[in-house]
**Student:** 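Can you keep this structure in mind? I'll have questions shortly.
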Amino acid sequence: METFHYAHFPPELSHVHIALFTNVANAAQLRARIVEASLAQGPDADAQRAAVNFAFIDASLICSVLHLQTAVVAAILAQVQGTLRTKTVHSEILWALNPSNNITEALRRYGVSDSSTAIFVVRIASPELHDVDELMKAVVSGDISPLSALDGITDWTSVKKYNKLNSDPAIKIAAGKDGVQERRVIDEIVLSMVAMKSVMG
């Protein structure tokens with residue numbers, strides 16, 4: 001797990017904890033638990049929501065750690081400015097990653113699915129929150145891997161499809177050179193799309 005400190009944000013939103021879980025074995029149960037917590041009522045509802053108070057993101061659609069960080073910052077900005085399009089700052093990350101404004105599509109496409117085997121878990125919190133990795137491991141059954149392991153996880157075909165980049169001329173030119181160049185160009189375009197979405201929104 002890595003922690004990023006954004007001193008220019010309010011204290012309660014200034015620390016971002018990001019872990020990459022691989023070999024995830026309980027994706028279906030986790031997804032069901034998230035849905036159950038969102039619908040929960042009664043005395044245990046708050047505890048259920050607190051246990052899954054993270055952003056759970058399918059890592060296969062993330063191009064780079066900077067791509068994810070850009071969406072995280074966009075979500076925090078929305079929280080600070082009172083312009084959230086979703087219910088929480090964590091679900092806002094998924095909205096920021098999705099090319100369209102369709103919230104349901106964002107949650108379905110970028111959130112954890114029954115078949116997810118690699119998941120980014122993100123917690124936006126104050127510096128007072130401790131043992132975040134233990135809280136994460138309490139809900140995700142998998143191996144915490146270095147964020148650099150993303151290099152072997154990204155599904156570039158799906159990234160191009162969902163971001164409608166298959167006919168992009170810059171990518172076609174880059175693809176004619178080599179795969180590394182193509183992936184770099186895709187990452188730059190997708191990252192820009194996330195950044196511009198928050199500005200235009």
**Student:** Look up atom CD1 in Ile119 and atom OG in Ser141, then write down how far apart they are to the nearest 0.5 Å.
**Tutor:**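 So the gap between those two atoms works out to 10.0 Å.
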
**Student:** With a 4.5 Å heavy-atom cut-off, do Phe56 and Val140 have their side chains touching?
**Tutor:**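 Side-chain contact under 4.5 Å: yes.
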
**Student:** So which heavy atom on Ala106 is nearest to which on Asn98, and how close?
**Tutor:**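 Result for this residue pair: CB-CB, 3.5 Å.
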
**Student:** Return yes if some donor-acceptor pair links the side-chain N/O of His130 with the main-chain N/O of Glu128 below 3.5 Å, else return no.
**Tutor:**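 Flag set: sc His130 to bb Glu128 pair under 3.5 Å.
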
**Student:** With the 4.5 Å side-chain cut-off for hydrophobic clustering, are Val80 and Val194 part of the same group?
**Tutor:**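 They do not share one cluster, since no chain of ILVMFWY contacts under 4.5 Å joins Val80 to Val194.
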
**Student:** Can you tell if the side chain of Glu105 reaches within under 4.5 Å of the side chain of Ser100, non-hydrogen atoms only?
**Tutor:**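 Sidechains of Ser100 and Glu105: in contact.
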
**Student:** Taking all non-hydrogen atoms of both residues, which atom of Ile186 and which atom of Cys63 are closest, and how far apart?
**Tutor:**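 Scanning both residues, the minimum pair turns out to be CG2-SG, 4.4 Å.
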
**Student:** Ignoring hydrogens, what is the shortest heavy-atom contact between Pro127 and Ser14? Give both atom names and the distance.
**Tutor:**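 Looking at all heavy atoms of both residues, the shortest contact is CD-OG, 3.8 Å.
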
**Student:** Is a side-chain donor-acceptor pair under 3.5 Å present for Asp143 with Ser145?
**Tutor:**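 Short answer, no.
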
**Student:** Working to the nearest 0.5 angstrom, can you tell me the gap between Leu129 CG and Glu12 CD?
**Tutor:**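 One finds 13.0 Å between CG of Leu129 and CD of Glu12.
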
**Student:** Taking all heavy atoms of Arg31 and all of Ser113, pick out the closest pair and write down the distance.
**Tutor:**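 Scanning both residues completely, I find the closest heavy atoms to be CD-CA, 4.0 Å.
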
**Student:** Looking at Glu134 and Lys137, does any basic side-chain N land under 4.0 Å from a carboxylate oxygen?
**Tutor:**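 Between Lys137 and Glu134 there is a salt bridge, with a charged N closer than 4.0 Å to a carboxylate O.
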
**Student:** Is any side-chain heavy atom of Tyr110 less than 4.5 Å from a side-chain heavy atom of Ile93?
**Tutor:**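 A side-chain contact under 4.5 Å is absent here.
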
**Student:** Count the heavy atoms belonging to other residues, nucleotides or ligands that lie under 6.0 Å from CZ of Arg109, then report whether that count exceeds 12.
**Tutor:**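 Buried by this count: over 12 neighbours within 6.0 Å.
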
**Student:** For Ser64, run the side chain to side chain donor-acceptor pair (under 3.5 Å) check against Asp187, Thr154, Thr70 and tell me which one passes.
**Tutor:**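 The side chain to side chain donor-acceptor pair (under 3.5 Å) with Ser64 is passed solely by Asp187 among Asp187, Thr154, Thr70.
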
**Student:** Consider only side-chain heavy atoms of I, L, V, M, F, W and Y, link residues closer than 4.5 Å, and tell whether Val122 and Ile103 are in one cluster.
**Tutor:**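 Same cluster.
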
**Student:** Tell me, do Val139 and Ile34 make a side-chain contact under 4.5 Å, heavy atoms counted?
**Tutor:**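 No, side chains not in contact.
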
**Student:** Evaluate the side-chain proximity of Asn163 to Ile189: yes if any heavy-atom separation is below 4.5 Å, no if none is.
**Tutor:**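 Answer no - side chains too far apart.
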
**Student:** In Å and rounded to the nearest 0.5 Å, what is the CD1 to CZ distance from Ile153 to Phe120?
**Tutor:**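 Here the interatomic distance stands at 7.0 Å.
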
**Student:** Is Leu30 linked to Phe21 within one hydrophobic cluster, defined over Ile, Leu, Val, Met, Phe, Trp and Tyr using a side-chain heavy-atom separation of less than 4.5 Å?
**Tutor:**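 The answer is yes; both residues are in one hydrophobic cluster.
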
**Student:** Do Leu94 and Val65 sit in the same hydrophobic cluster, where Ile, Leu, Val, Met, Phe, Trp and Tyr count as joined when their side-chain heavy atoms come under 4.5 Å apart?
**Tutor:**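 Yes, Leu94 and Val65 fall within the same hydrophobic cluster.
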
**Student:** Check ring-ring contact (aromatic ring centres under 6.0 Å, His included) between His17 and all other residues, then give those that pass, not counting sequence neighbours.
**Tutor:**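 Here no residue qualifies.
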
**Student:** Once rounded to the nearest 0.5 Å, what's the spacing between atom CG of Leu107 and atom CG of Leu97?
**Tutor:**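 Answer rounded to 0.5 Å: 11.0 Å.
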
**Student:** For the CG atom of Asp114 and the CD atom of Gln29, what is their distance to the nearest 0.5 Å?
**Tutor:**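 These two atoms lie 8.5 Å from each other.
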
**Student:** Please check: side-chain N/O of Glu92 versus main-chain N/O of Thr86, any donor-acceptor pairing under 3.5 Å?
**Tutor:**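 Yes, Glu92 side chain to Thr86 backbone: donor-acceptor pair under 3.5 Å.
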
**Student:** Roughly how far, to the nearest 0.5 Å, is CZ of Arg49 from CG of Asp44?
**Tutor:**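 If I round to the nearest 0.5 Å, the distance is 10.5 Å.
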
**Student:** Are any of the side-chain heavy atoms of Leu84 and Trp95 separated by less than 4.5 Å?
**Tutor:**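 Side-chain contact under 4.5 Å: no.
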
**Student:** Are Leu191 and Val159 connected, step by step, through hydrophobic side chains (Ile, Leu, Val, Met, Phe, Trp, Tyr) whose heavy atoms are closer than 4.5 Å?
**Tutor:**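 They do not share one cluster, since no chain of ILVMFWY contacts under 4.5 Å joins Leu191 to Val159.
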
**Student:** Please report the C-alpha distance between Ser116 and Asp58 in whole Å, then the side-chain angles of each, then the deciding distance to 0.1 Å, and finally whether the side-chain contact (heavy atoms from CB on, under 4.5 Å) criterion is met.
**Tutor:** CA-CA 6 Å; Ser116 296; Asp58 191 317; 3.1 Å; yes

**Student:** Applying the side chain to side chain contact (heavy atoms under 4.5 Å, CB included) criterion to Phe54, which one of Ile124, Thr88, Leu135 satisfies it?
**Tutor:**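 For Phe54, the side chain to side chain contact (heavy atoms under 4.5 Å, CB included) test succeeds with only one of Ile124, Thr88, Leu135, which is Leu135.
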
**Student:** What pair of heavy atoms forms the shortest contact from Val52 to Ala37, and how long is it?
**Tutor:**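 In this case the closest contact between Val52 and Ala37 is CG2-CB, 3.7 Å.
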
**Student:** Could you check if a side-chain atom of Met1 sits within less than 4.5 angstrom of a side-chain atom of Met136, using non-hydrogen atoms only?
**Tutor:**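 Of all side-chain heavy-atom pairs linking Met136 with Met1, at least one is under 4.5 Å.
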
**Student:** Any side-chain heavy-atom pair from Trp156 and Glu182 closer than 4.5 angstrom?
**Tutor:**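 Trp156 vs Glu182: side chains apart.
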
**Student:** List the atom of Lys197, the atom of Ala96, and the distance in Å for their closest heavy-atom pair.
**Tutor:**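 Distance-wise, the nearest heavy atoms are CD-O, 3.9 Å.
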
**Student:** Tell me whether Gln81 at atom CD has more than 12 heavy atoms from other residues, nucleotides or ligands lying less than 6.0 Å away.
**Tutor:**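 Enclosed.
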
